[in-house]
Protein chains: 2
Amino acid sequence: MRPHDHGDCIRRVLDEAERRAAEDRVNFTPVRRHALEILLESHAAMPAYGLLKRLDADGFGSQPPVAYRALDFLIEQGFVHKVERLNAFVACMYPHETHTPAFLICRNCRSVAETCVAPTPAALLREARAAGFAIERSMMEAEGLCRDCAREEDAPCD
Amino acid sequence: MRPHDHGDCIRRVLDEAERRAAEDRVNFTPVRRHALEILLESHAAMPAYGLLKRLDADGFGSQPPVAYRALDFLIEQGFVHKVERLNAFVACMYPHETHTPAFLICRNCRSVAETCVAPTPAALLREARAAGFAIERSMMEAEGLCRDCAREEDAPCD
DNA sequence: TTTTCATAGGTTATACTATAACATTCCAGC
DNA sequence: GCTGGAATGTTATAGTATAACCTATGAAAA
């Protein structure tokens with residue numbers, strides 16, 4: 001993850017979510033908003049039960065559906081993505097555009113970088129068309145080493 | 001899924017797996033082989049506990065590690081892929097080449113078509129390079145409607 | 001106003017997915 | 001025959017997700 005003003009990051013996404021929710025007339029309730037805030041705290045993926053623990057600590061209830069319902073809503077609205085490889089969730093960094101999420105997942109520090117690629121890669125579209133398959137959603141996930149962790153592995157004093 | 005001779009399909013993949021296992025001097029034991037045979041029976045993705053049930057019925061043991069160990073081996077060897085979206089497993093249709101699996105997952109019949117696309121899409125590679133991220137593996141999964149199910153949805157007598 | 005309906009949230013229970021940890025067996029190579 | 005590694009057997013438990021049913025709230029219809 002490149003250094004950046006994370007406060008800005010949070011505000012920008014939260015404002016955009018607020019705006020979009022109002023525009024779409026969907027109910028951005030306190031528990032939903034707070035779930036998004038929690039996910040925005042870091043760029044690492046958070047498991048549902050990690051989110052639940054935080055929601056519980058903040059007085060929103062302790063049962064799994066509390067977390068899963070908030071996540072369902074946030075994903076539906078495109079504010080959050082599920083990282084399938086990790087069974088974990090990250091706030092979307094590009095809530096202003098519909099897109100196919102593509103993740104770079106660090107196997108060392110579990111950080112997740114969301115990158116901006118085309119909605120669906122042309123090669124896959126071609127294959128789908130040839131097979132008569134109608135793509136509705138797609139996703140890409142890559143695993144490897146982020147810049148920082150690669151540096152560490154190189155270090156002689158590992 | 002296009003009509004095809006599924007017997008051929010199975011034999012081809014099984015032979016190739018056998019050959020590769022011998023070549024790589026890995027131990028293609030009965031339970032591992034049988035797990036692959038079970039997964040090859042259909043192009044739908046099978047959950048680990050579905051596989052386990054089948055293995056148990058065929059006398060290979062009833063405890064989860066039985067299935068997960070076989071799957072670990074088969075995935076390691078590239079004979080099987082995990083479909084993350086479904087938490088389920090499919091036999092690889094291209095065991096003779098190292099590749100990035102790309103799946104077309106039908107939301108209706110759960111069939112999974114593995115398509116042949118480039119190892120990692122150029123756009124993602126570019127993004128990764130820009131972020132200083134070293135990709136080690138990647139995958140793509142698309143959800144939608146397969147040819148057959150699309151036909152059904154169109155049907156007036158739905 | 002009262003009814004009605006849809007949406008959100010509370011609560012309990014349970015199903016599904018995956019791995020840790022340790023014991024045992026078997027075989028290859030010394 | 002001993003030794004060490006790989007595979008398997010077995011028990012227990014951790015982690016992920018949803019079903020089902022109930023209550024509250026509020027806006028729209030009657």
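Here is the naming used below: chain letters follow the sequence lines, and residue numbers restart at 1 for every chain.
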Using modelled atom types and a 3.5 Å cut-off, is there a donor and acceptor pairing between side-chain atoms of B/Arg147 and backbone atoms of A/Ala131?
yes

Those residues that, when tested against A/Ser42, pass side-chain contact (heavy atoms from CB on, under 4.5 Å) (two or more places apart)
A/Ala44

From CZ of B/Phe60 across to P of D/dG9 the rounded distance in Å is 9 Å

Rounded interatomic separation in angstrom, taking NE2 from B/His34 and C1' from D/dA7:
18 Å

Enumerate the ring-ring contact (aromatic ring centres under 6.0 Å, His included) contacts for residues 102-135 of chain B, please, sequence neighbours excluded, ordered by first and then second residue.
B/His81-B/Phe103

Quick one: side-chain hydrogen bond (donor to acceptor under 3.5 Å, both in side chains) partners of B/Asp58, sequence neighbours excluded?
B/His34

Salt bridge B/Asp72-B/Arg69, side-chain N to carboxylate O under 4.0 Å:
no

Run the salt-bridge test on B/Glu23 and B/Arg20 with the 4.0 Å N-O cut-off and return the result as yes or no.
no

Value in whole Å for how far the P atom of D/dT8 lies from CZ of B/Phe28
12 Å

Could you go through nucleotides 16-19 of chain D and list every protein N or O atom that sits under 3.5 Å from one of its N or O atoms, giving the distance for each pair?
| residue | atom | partner | partner atom | Å |
| --- | --- | --- | --- | --- |
| D/dA17 | OP1 | A/Lys82 | NZ | 2.4 |
| D/dA17 | OP2 | A/Tyr68 | OH | 3.1 |
| D/dA17 | O5' | A/Tyr68 | OH | 3.4 |
| D/dA17 | N7 | A/Tyr49 | OH | 2.6 |
| D/dA17 | N6 | A/Tyr49 | OH | 3.3 |

What pairs with A/Arg11 under side-chain hydrogen bond (donor to acceptor under 3.5 Å, both in side chains), at least two apart in sequence or on another chain?
A/Asp8

Take atom CZ of A/Arg25 and atom P of D/dA27, then tell me their distance rounded to the nearest Å.
14 Å

Could you give the start and end, 5' to 3', of the contact zone on DNA chain C for chain A, using atoms under 4.0 Å from its heavy atoms?
C/dA8 to C/dT12

Any salt bridge linking A/Asp56 with A/Lys53? Criterion: basic side-chain nitrogen under 4.0 Å from a carboxylate oxygen.
no

